[in-house]
There are 2 protein chains.
Amino acid sequence: MPDPEIRMRKMVEALRENQYRITPQRLAILKVLAESKGHPSVESIYEQVKTNFPTTSLATIYKNVAVLKDLHQLLELGFSDDSNRYDGNKPYDHPHVVCTVCRKILDPDISALADMTQELTRETGFAITRHRLDFFGICPDCQARQ
Amino acid sequence: MPDPEIRMRKMVEALRENQYRITPQRLAILKVLAESKGHPSVESIYEQVKTNFPTTSLATIYKNVAVLKDLHQLLELGFSDDSNRYDGNKPYDHPHVVCTVCRKILDPDISALADMTQELTRETGFAITRHRLDFFGICPDCQARQ
DNA sequence: TTTTAATGGAAAATGATTATCAATAAATAG
DNA sequence: CTATTTATTGATAATCATTTTCCATTAAAA
């Protein structure tokens, strides 16, 4: 079973467990989230869902994203100068690389992180609970285009 | 000479070099920025400057912060759910620890970072130009209060 | 069939930041 | 030291796009 399908089932399960109803629009949103690699915005989810359900409302996307976030099935990446982006595949803290040209966001495979939180706790006395690690640059595609 | 004074001179120098006028309000803002440890917001700078210059306008703080940012004398930390915070002491990318209770922001001494960008470049093919690394938790003061 | 959550469409809120402009004062040359 | 120029200040109004709210209609669940 492909990864996106596993994620969809997991999310549907979370919805059912919490007495949320399974609507076609909801499933379409889950599908987009489970299949997206670039961390879509609400607007982008909206555009994709509309290809199958042309009457879908933007408000519906917002409401469903909020539900999934509450159920911890969605990681929200807020940007002060851009709209929020969502990660439905790894709904837990992890580093991201952000292309400053095409705005796509990817998950790097990175190892050197685990120690960092420990070092910080020792260094600062903070009880670290979460992190947000963004690296900005130009992706291979956009480099090639220039 | 204490660190804050060195920073103030550096910032005044940058202003002069770029034909900006040295006003008392401007100096008061630089002083707050050079002496602050917790990465103040515009509002916080405003409150502090007003103790010496009660007629200072919030707009003046905004305008001066923008000037200093342009001159690369100030690091701006934007938050999607909170107002911007400013670092006048280390106006270049570096990790931060953010207290989720009192909202203070500190600079940890951390070593394990240098490699990360290299590993990312190799891993993703991105040409990394900058980063934003925030660790969230509860500071020692707020832990003690609970 | 009944209950009530979810949807769709539009309007409203949000609140930090930016723009405006008359009044003030820093810089500089004579 | 004085005059001139023009950047800066202060007070307020305007902006901005995203996100939230509203409510009548629709449809999922049992």
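Residue numbers begin at 1 in each chain, while the letters A, B, ... track the order of the sequences. The figures here come from the full heavy-atom set of this structure, side chains too, leaving out hydrogens, waters and symmetry mates.
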Engineer: Identify whether NZ of Lys or CZ of Arg in B/R26 sits under 6.0 Å from the centre of the six-membered ring of B/F53 and within 45° of that ring's axis.
Structural biologist: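 B/R26 over B/F53 ring: no.
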Engineer: Would you tell me if any nitrogen or oxygen in the side chain of B/Y62 comes within less than 4.0 Å of OP1 or OP2 on C/dT18?
Structural biologist: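 Checking C/dT18 against B/Y62, no side-chain N or O comes under 4.0 Å of OP1 or OP2.
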Engineer: Is B/F79 linked to B/L74 within one hydrophobic cluster, defined over Ile, Leu, Val, Met, Phe, Trp and Tyr using a side-chain heavy-atom separation of less than 4.5 Å?
Structural biologist: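 In one cluster: no.
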Engineer: Indicate if A/L71 and A/I45 have the same hydrophobic cluster label, given that clusters are the connected sets of ILVMFWY residues with side-chain heavy-atom separations under 4.5 angstrom.
Structural biologist: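 Same cluster.
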Engineer: Between C/dA16 and B/S83, is there an OP1 or OP2 to side-chain N/O distance shorter than 4.0 Å?
Structural biologist: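 Indeed not, no polar side-chain atom of B/S83 lies that close.
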Engineer: What is the separation between atom CG on B/L58 and atom C1' on D/dT12, rounded to the nearest whole Å?
Structural biologist: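 After rounding, the reported distance stands at 12 Å.
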Engineer: If only side-chain N and O atoms count, and only distance matters, is there a donor-acceptor pair under 3.5 Å linking B/D107 with B/H96?
Structural biologist: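 Yes - a donor-acceptor pair under 3.5 Å links their side chains.
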Engineer: Without decimals, in angstroms, what is the distance between B/K63 NZ and D/dG10 P?
Structural biologist: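 Spelled out: NZ on B/K63 to P on D/dG10 is 8 Å.
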Engineer: 5'-most contact on DNA chain C: B/E76 or A/S57, nearest heavy atom basis?
Structural biologist: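 Upstream on the strand: A/S57.
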Engineer: Respond yes when some side-chain nitrogen or oxygen of A/N64 is under 4.0 Å from OP1 or OP2 of C/dA6, and no when none is.
Structural biologist: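 Answer no for this pair, as no side-chain N or O of A/N64 is under 4.0 Å from OP1 or OP2.
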Engineer: Roughly how many Å is it from OH in B/Y20 to C1' in D/dA7, rounded to a whole number?
Structural biologist: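 From B/Y20 OH to D/dA7 C1': 10 Å.
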Engineer: Verify the contact: side-chain N or O of A/T23 to OP1 or OP2 of C/dT7, cut-off strictly under 4.0 Å; return yes or no.
Structural biologist: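 Yes, because at least one side-chain N or O of A/T23 sits under 4.0 Å from OP1 or OP2 of C/dT7.
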Engineer: Side-chain N or O of B/R21 less than 4.0 angstrom from OP1 or OP2 on C/dA25?
Structural biologist: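 Checking B/R21 against C/dA25: no side-chain N or O falls below 4.0 Å of OP1 or OP2.
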Engineer: Measure CZ/B/F79 against P/C/dG15 and give the value in whole Å, please.
Structural biologist: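 Rounding to the nearest Å, CZ of B/F79 and P of C/dG15 are 18 Å apart.
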Engineer: Hey, are B/R9 and B/E13 close enough for a salt bridge, meaning a charged N less than 4.0 Å from a carboxylate O?
Structural biologist: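 Salt bridge: no.
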Engineer: If I take atom CZ in residue A/F53 and atom C1' in nucleotide C/dA6, what distance separates them, rounded to the nearest angstrom?
Structural biologist: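 To the nearest whole Å, that distance equals 14 Å.
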Engineer: Quick one: is A/Q19 getting a side-chain N or O under 4.0 Å of the D/dA28 phosphate, OP1 or OP2?
Structural biologist: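 Result: no.
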Engineer: So which one's nearest nucleotide on DNA chain C is more toward 5', B/A59 or B/R16?
Structural biologist: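 This one resolves to B/A59.
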Engineer: Identify, between A/P24 and B/T60, the residue whose nearest nucleotide on DNA chain D lies closer to the 5' end.
Structural biologist: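 So the residue in question is B/T60.
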Engineer: For B/K69 and C/dT18, give me the distance from atom NZ to atom C1', rounded to whole Å.
Structural biologist: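 B/K69 atom NZ is separated from C/dT18 atom C1' by 12 Å.
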Engineer: Can you find a side chain N or O atom of A/N84 that sits less than 4.0 Å from OP1 or OP2 on D/dT18?
Structural biologist: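 It does not, given that no N or O in the side chain of A/N84 lies less than 4.0 Å from OP1 or OP2 of D/dT18.
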Engineer: In whole angstrom, what separates A/I45's CD1 from D/dT19's P?
Structural biologist: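 It works out to 11 Å between those atoms.
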Engineer: Nearest whole Å is fine: how far is C/dT18 C1' from A/D81 CG?
Structural biologist: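 So the two atoms are 16 Å apart, to the nearest Å.
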Engineer: Using a 4.0 Å heavy-atom cut-off, does A/I22 contact any base of the nucleic acid, only the sugar-phosphate backbone, or nothing at all?
Structural biologist: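 Sugar-phosphate only.
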